[in-house]
Amino acid sequence: MLEIVKTLKTDKYTPRHYVVAENDSNSVDKLMAIEKSNDDYKIYMINRSRKVHQSYFSSIFTTLRAIIDCFPLLLHTRPDLILCNGPSTCVPVSYVAFILKVFYINSSCKIAYIESFCRVKTLSLSGWLLLYISDIFVVQWPKISKISRKISYFGRLT
């Protein structure tokens, strides 16, 4: 995702709001390096939905906590576009955005999910969870695009 962020036109996509898991200081440092010449961005931290090796059952509760974190964030920022990939933050952010769309609170928000480049044959769990609520679902390998008509194959993005 950071490689894609580097190519965004900052004059077109402004302001930018980045949502990062609370213990992901590495991504924060990289975002700040990318945005060093810009000042029209903010980085928000939310609870991680699922930690590495965390059981699926207990991740239900941590994901619910992350969803609760996302409501005030999305109500405050009212994004036009959510560009996301990866499990830690994209699932709760996307589901809250979808709920706000359903209730016409932020109906103009579009959700664009980009499946990881390493997913060659199957979708990730995040991909399956977001396939039907995203407005556009992008994969980088042609085999995966045959799973659903909703999936768009763009080829390698970075």
Side-chain angles (χ1 to χ4, degrees), residues 1-21 24 26-35 38 40-52 56 59 62-63 66-67 69-71 73-75 77-158:
M1 183 56 70
L2 291 169
E3 292 300 317
I4 293 168
V5 167
K6 286 180 189 176
T7 65
L8 287 177
K9 296 179 181 175
T10 57
D11 58 328
K12 184 175 181 179
Y13 297 101
T14 188
R16 288 164 310 288
H17 301 279
Y18 299 105
V19 181
V20 179
D24 189 1
N26 188 34
S27 292
V28 171
D29 293 341
K30 289 179 180 181
L31 281 170
M32 291 174 73
I34 291 169
E35 293 281 3
N38 300 310
D40 201 10
Y41 77 96
K42 283 192 176 184
I43 299 173
Y44 299 93
M45 309 293 263
I46 65 166
N47 287 295
R48 185 176 286 275
S49 295
R50 183 171 182 264
K51 295 179 176 135
V52 177
Y56 287 120
S59 70
T62 52
T63 301
I67 287 171
D69 287 349
C70 291
F71 269 102
L73 170 63
L74 291 176
L75 285 169
T77 59
R78 305 268 177 152
D80 297 319
L81 171 67
I82 294 176
L83 182 62
C84 60
N85 78 336
S88 182
T89 54
C90 78
V91 171
V93 170
S94 297
Y95 269 88
V96 170
F98 181 73
I99 290 167
L100 295 177
K101 284 171 68 168
V102 167
F103 289 103
Y104 298 101
I105 296 169
N106 190 10
S107 58
S108 64
C109 181
K110 301 291 182 205
I111 302 169
Y113 178 77
I114 302 172
E115 185 62 276
S116 172
F117 180 73
C118 68
R119 300 307 296 203
V120 176
K121 297 179 182 177
T122 61
L123 295 178
S124 63
L125 177 58
S126 298
W128 284 113
L129 291 171
L130 298 178
L131 180 59
Y132 298 103
I133 69 161
S134 61
D135 295 291
I136 184 168
F137 192 100
V138 177
V139 297
Q140 301 179 60
W141 293 95
K143 184 175 183 178
I144 305 176
S145 66
K146 295 173 180 35
I147 292 173
S148 170
R149 291 184 299 160
K150 174 137 185 174
I151 297 174
S152 300
Y153 165 64
F154 281 19
R156 186 174 176 175
L157 296 176
T158 57

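To the nearest 0.5 Å, atoms CD1 (Ile105) and CD1 (Ile99) are separated by 9.5 Å. Atom-to-atom distance recorded for Ile46:CD1 and Cys70:SG is 3.5 Å, nearest 0.5 angstrom. Taken from OG1 in Thr77 to NZ in Lys42, the straight-line distance is 10.0 Å, to the nearest 0.5 Å. Note that CG of Leu130 and CD1 of Ile114 are 12.5 Å apart. Values are rounded to the nearest 0.5 Å. The structure places OG of Ser148 at 8.5 Å from CZ of Phe137, a figure rounded to the nearest 0.5 Å. Summarising the geometry, atom CG belonging to Leu125 is positioned 5.5 Å from atom OH belonging to Tyr56; distances are rounded to the nearest 0.5 Å.
Of all heavy-atom pairs spanning Thr10 and Thr14, the tightest one is O-CB, 3.4 Å. Of all the heavy atoms in Val120 and Lys143, the pair that sits closest is O-CB, 4.0 Å. Nearest heavy atoms, Leu74 versus Ala97: CD1-N, 3.5 Å. Trp141 approaches Arg119 most closely through the heavy-atom pair CD1-O, 3.3 Å. Heavy-atom minimum distance, Ile133 versus Phe98: CB-CD1, 3.7 Å.
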| task | Check the pair Leu83 / Met1 against side-chain contact (heavy atoms from CB on, under 4.5 Å), numbers first and verdict last. | result | CA-CA 9 Å; Leu83 182 62; Met1 183 56 70; 4.1 Å; yes
| query | Given Tyr44 and Thr89, is the side chain to side chain donor-acceptor pair (under 3.5 Å) satisfied, shown in steps? | reply | CA-CA 11 Å; Tyr44 299 93; Thr89 54; over 6 Å; no
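Side-chain contact between Tyr18 and Val5: present, with at least one pair of heavy atoms (C-beta onward) separated by less than 4.5 Å. Counting only heavy atoms from C-beta outward, the side chains of Ser94 and Cys84 approach each other to under 4.5 Å.
In terms of modelled atom types and a separation under 3.5 Å, the side chain of Asp135 and the main chain of Ile111 share a donor-acceptor contact. Ser107 places no side-chain N or O within donor-acceptor distance of the main-chain N or O of Lys101, the cut-off being under 3.5 Å. When atom types are taken as modelled, the side chain of Gln140 and the backbone of Glu115 share a donor-acceptor pair closer than 3.5 angstrom. A distance-only check finds no donor-acceptor pair linking the side chain of Arg48 to the backbone of Ala66 [under 3.5 Å]. In this structure, Thr62 contributes its side chain and Ser59 its backbone to a donor-acceptor pair below 3.5 Å. Under the 3.5 Å distance criterion, the side-chain polar atoms of Tyr113 are left unmatched by any main-chain donor or acceptor of Cys90. No side-chain donor-acceptor contact under 3.5 Å links Asn106 to the backbone of Leu100.
Of the residues listed (Ile136, Leu123, Val138), the one engaging Ile151 in a side-chain contact (heavy atoms from CB on, under 4.5 Å) is Leu123, and it is the only one.
Heavy-atom neighbours of Tyr153 OH from other residues, nucleotides or ligands within 6.0 Å: above the threshold of 12. Around NZ of Lys150, the count of heavy atoms belonging to other residues, nucleotides or ligands within 6.0 Å exceeds 12.
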